[in-house]
Chemist: 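Handing you this structure, nothing more for now.
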Amino acid sequence: MPVLYDRLLKLKEMFNSKFGSIPKFYVRAPGRVNIIGEHIDYCGYSVLPMAVEQDMLIAVEPVKTHTLQLANTNPLYPDFSTNANNIQIDKTKPLWHNYFLCGFKGIQEHFGLSNLAGMNCLVDGNIPPSSGLSSSSALVCCAGLVTLTVLGMNLSKVELAEICAKSERYIGTEGGGMDQSISFLAEEGTAKLIEFSPLRATDVKLPSGAVFVIANSCVEMNKAATSHFNIRVMECRLAAKLLAKYKSLQWDKVLRLEEVQAKLGVSLEEMLLVTEDALHSEPYSPEEICTCLGISLEEFRTQILSPNTQDVLIFKLYQRAKHVFSEAARVLQFKKICEEAPDNMVQLLGELMNQSHTSCRDMYECSCPELDQLVDICRKFGAQGSRLTGAGWGGCTVSIVPADKLPSFLANVHESYYQRSGRSLAPEKQSLFATKPGGGALVFLEA
């Protein structure tokens, strides 16, 4: 915590020079790395993340006016102020302050409040942006906890996570809730299996003889600004509807692949067999989906497609469903291996991570050449397993590395990926680092 203490002191000084006063309290919310379980939370399946030590910190002073004043210690992010009772979030522009407004508005709407007082906030984040380590969700969570604290209200961590997951959709990201859940429910020293509806978290003890290393590909990906992510969400929804129809279920009520499995009462392995029978590997056109479901194109566009998927011409339903069911099974296998702790545990966990990357690359198509290259380099220099993490299309990889190989692994990956390619290893990029499971969101009061 000494580093955090130094950051708080520095933040206090910067706040004072910015606003001419002292903060009343500080809120911290961590980023996360998803060890396994990519793109399945929004399909209703469990995931296995841990919080990282990098976080968002916000210094806060409630004020008597109705003005919400936001500033950032990073000069790249301009100041912003607005009326606390007239929050407008522009979905077309993923500007930094909009993520704060999501968390603020989520709490405001949960309690049905109007006539809110304002506050001065100074934000300091050390999670690399657009790296797949959830800097944006950490900011949403931090803002939600800030707002709750200013109001003097109470909510459980689970309620806070659910509100923040829902409120991030104000900015157009159709995420599944993993990022917000781990930000609040994380505990130091343990990863968590996060399950949904109802939301709950179970400790998963990671192997003591291995370290998880994060490597940033230095390809930035902003998931709210891109349609990739939201198209995948829609492809999974359509696959769920076609599978439900094939099995004579009430398909129009189905939104997630997990619901189909639950209604059929079968295993994930059996769902993979159903997928083979029910879906073909060639892409589906909107017209073919309409024929399968017995609806018109107009109904398809207005009742099923989201605003940002109206113009999509092909949907790869078979590939997306295969990834989701196989990845959901890998998460459960990963947890089981951690519990049983066999002698070759690190090797077994590594194999699952490698299978996950292959499925993300080939079936979900959410990798990119740089991520594939980085994964290969990590495996070459001693990682037992390596995969993309945090949605993909850029961002980071996570690798499981035997602890005794860590120094040589870091040196070799640094040289092969960062130095040779001339990718800047600027300190703020924090491109390559070992991480251990950190704690969840906290409020610090000014003494």
Chemist: Does the side chain to side chain contact (heavy atoms under 4.5 Å, CB included) test come out yes or no for Glu168 and Ser136, once each step is laid out?
Modeler: CA-CA 9 Å; Glu168 193 164 329; Ser136 49; 4.0 Å; yes
Chemist: What is the minimum heavy-atom distance between Val204 and Lys335, and which atoms define it?
Modeler: CG2-CG, 4.2 Å
Chemist: Verify side chain to side chain contact (heavy atoms under 4.5 Å, CB included) between Val266 and Leu273, making sure each step is shown before the conclusion.
Modeler: CA-CA 11 Å; Val266 301; Leu273 297 175; over 6 Å; no
Chemist: Show your working on side chain to side chain donor-acceptor pair (under 3.5 Å) between Asp90 and Gln88 and close with a plain yes or no.
Modeler: CA-CA 6 Å; Asp90 184 350; Gln88 306 288 326; over 6 Å; no
Chemist: So do the side chains of Tyr77 and Pro129 get within less than 4.5 Å of each other, counting heavy atoms only?
Modeler: yes
Chemist: Please answer whether the main-chain N or O of Lys405 pairs with a side-chain N or O of Ser408 as donor and acceptor at a distance below 3.5 Å.
Modeler: yes
Chemist: Any chance NZ of Lys245 has more than 12 other-residue heavy atoms, nucleotides or ligands included, within less than 6.0 Å?
Modeler: yes
Chemist: Side chains of Glu276 and Tyr318: do they bring a donor and an acceptor to under 3.5 Å?
Modeler: yes
Chemist: Does Ser296 use its side chain to pair, donor to acceptor, with the backbone of Glu299 at less than 3.5 Å?
Modeler: yes
Chemist: Is there a salt bridge (charged side-chain N to carboxylate O under 4.0 Å, His left out) between Arg7 and Asp124? Walk through the geometry before answering.
Modeler: CA-CA 9 Å; Arg7 272 178 70 212; Asp124 179 56; 3.1 Å; yes
Chemist: When you check the side-chain N and O atoms of Tyr45 and Gln261, is any donor under 3.5 Å from an acceptor?
Modeler: yes
Chemist: Working to the nearest 0.5 Å, report the span between SG of Cys378 and CD of Gln373.
Modeler: 10.5 Å
Chemist: Considering the options Thr147, Ile58, Val150, which one meets the side-chain contact (heavy atoms from CB on, under 4.5 Å) requirement together with Cys121?
Modeler: Ile58
Chemist: Look up atom CD in Glu339 and atom CG in Asp203, then write down how far apart they are to the nearest 0.5 Å.
Modeler: 10.5 Å
Chemist: Is Met153 close to Phe111 at the side-chain level, that is, under 4.5 Å between some pair of heavy atoms?
Modeler: yes
Chemist: Using only heavy-atom distances, determine whether the side chains of His97 and Asn72 contain a donor-acceptor pair under 3.5 Å.
Modeler: no
Chemist: Quick one: does Leu348's side chain get under 4.5 Å of Pro342's, heavy atoms only?
Modeler: yes
Chemist: Taking C-beta and beyond as the side chain, do Val413 and Val213 meet within less than 4.5 Å on heavy atoms?
Modeler: no
Chemist: Using every non-hydrogen atom in the two residues, find where Gly439 and Ala51 come nearest and quote the distance to one decimal.
Modeler: O-CB, 3.9 Å
Chemist: Treating Arg28 as the side-chain partner and Gly440 as the backbone partner, does any N or O pair qualify as donor plus acceptor under 3.5 Å?
Modeler: yes
Chemist: Classify the ring geometry of Tyr284 against His280: parallel below 30°, tilted from 30° to 60°, perpendicular beyond 60°.
Modeler: parallel
Chemist: Verify side chain to side chain contact (heavy atoms under 4.5 Å, CB included) between Phe196 and Ser181, making sure each step is shown before the conclusion.
Modeler: CA-CA 10 Å; Phe196 302 98; Ser181 304; 4.1 Å; yes
Chemist: Considering non-hydrogen atoms only, spot the tightest contact between Ala29 and Cys141 and give its length.
Modeler: CB-CB, 4.2 Å
Chemist: Under 3.5 Å, is there a donor-acceptor pair between the side chain of Trp393 and the main chain of Val219?
Modeler: no
Chemist: Verify, without hydrogens or angle tests, whether Tyr417 (side chain) and Ser217 (backbone) share a donor-acceptor contact under 3.5 angstrom.
Modeler: yes
Chemist: Write down the atom of Val260, the atom of Met271, and the distance for their closest heavy-atom approach.
Modeler: CG1-CE, 3.9 Å
Chemist: Do you know which two heavy atoms are closest between Ala328 and Ile40, and how far apart they sit?
Modeler: CA-CD1, 3.7 Å
Chemist: So, taking the atom named CG in Leu305 and the one named CZ in Phe315, what distance separates them when rounded to the nearest 0.5 Å?
Modeler: 5.0 Å
Chemist: Nearest 0.5 Å, what's the CD1-CG distance between Ile163 and Leu155?
Modeler: 4.5 Å
Chemist: When you compare the side chain of Tyr170 with that of Glu109, does any pair of heavy atoms fall below 4.5 Å?
Modeler: yes
Chemist: Do the side chains of Glu187 and Lys192 get close enough for a salt bridge, i.e. N-O under 4.0 angstrom?
Modeler: yes
Chemist: To the nearest 0.5 Å, what is the distance between CG on Asn98 and CZ on Phe80?
Modeler: 7.0 Å
Chemist: For the CG atom on Leu313, are there more than 12 heavy atoms of other groups (residues, nucleotides or ligands in this structure) within a distance under 6.0 Å?
Modeler: no
Chemist: I'd like to know whether CG of Asp311 has more than 12 heavy-atom contacts from other residues, nucleotides or ligands below 6.0 angstrom.
Modeler: no
Chemist: For side chain to side chain contact (heavy atoms under 4.5 Å, CB included), just list the numbers for Val123 and Trp96, CA-CA rounded to whole Å, side-chain angles, deciding distance to a tenth of an Å, and then say yes or no.
Modeler: CA-CA 10 Å; Val123 176; Trp96 79 273; 3.8 Å; yes
Chemist: Between His39 and Phe229, is the ring centre distance below 6.0 Å?
Modeler: yes
Chemist: I would like to know whether Glu327 and Ser356 meet side chain to side chain donor-acceptor pair (under 3.5 Å); could you show each step before the answer?
Modeler: CA-CA 6 Å; Glu327 186 78 349; Ser356 170; 2.8 Å; yes
Chemist: Can you confirm whether the side chains of Glu288 and Ser285 place a donor and an acceptor under 3.5 Å from each other?
Modeler: no
Chemist: Under a 3.5 Å distance rule, please check whether Ser131 uses its side chain to pair with a backbone N or O of Pro128 as donor and acceptor.
Modeler: yes
Chemist: Test your reading of the model: is there a side-chain donor-acceptor pair from Thr389 to the backbone of Asn34, 3.5 Å cut-off?
Modeler: yes
Chemist: Are Lys263 and Lys253 close enough that some pair of their side-chain heavy atoms sits under 4.5 Å apart?
Modeler: no
Chemist: Sub-3.5 Å donor-acceptor pair from the side chain of Arg387 to the main-chain atoms of Gly385, do we have one?
Modeler: no
Chemist: Could you walk me through whether Glu188 and Lys436 pass the salt bridge (charged side-chain N to carboxylate O under 4.0 Å, His left out) check?
Modeler: CA-CA 8 Å; Glu188 209 168 323; Lys436 46 187 190 289; over 6 Å; no
Chemist: Count the heavy atoms of every other residue, nucleotide or ligand shown that sit under 6.0 Å from CG of Asp277, and state whether that count exceeds 12.
Modeler: yes
Chemist: Check whether Glu195 reaches the backbone of Ala201 with its side chain - one donor and one acceptor, N or O, closer than 3.5 Å.
Modeler: no
Chemist: Counting distance only, does the side-chain N/O of Ser326 pair as donor-acceptor with the main-chain N or O of His323 below 3.5 Å?
Modeler: yes
Chemist: Run the numbers on Ser183 and Gln180 for side chain to side chain donor-acceptor pair (under 3.5 Å), then give the verdict.
Modeler: CA-CA 5 Å; Ser183 197; Gln180 301 80 6; over 6 Å; no
Chemist: Over all heavy atoms of both residues, which pair between Leu388 and Cys360 is shortest? Give the atoms and the distance, please.
Modeler: CD2-CB, 3.8 Å
Chemist: Using a 4.5 Å cut-off on heavy atoms from C-beta on, say whether the side chain of Lys247 contacts that of Leu264.
Modeler: yes
Chemist: Just verifying a value: how many Å separate Asn216 CG and Ser130 OG, rounded to the nearest 0.5 Å?
Modeler: 10.0 Å
Chemist: Taking side chain as C-beta onward, heavy atoms only, is Phe325 less than 4.5 Å from Leu243?
Modeler: yes
Chemist: Are a donor atom and an acceptor atom from the side chains of Glu351 and Gln355 found within less than 3.5 Å of each other?
Modeler: no
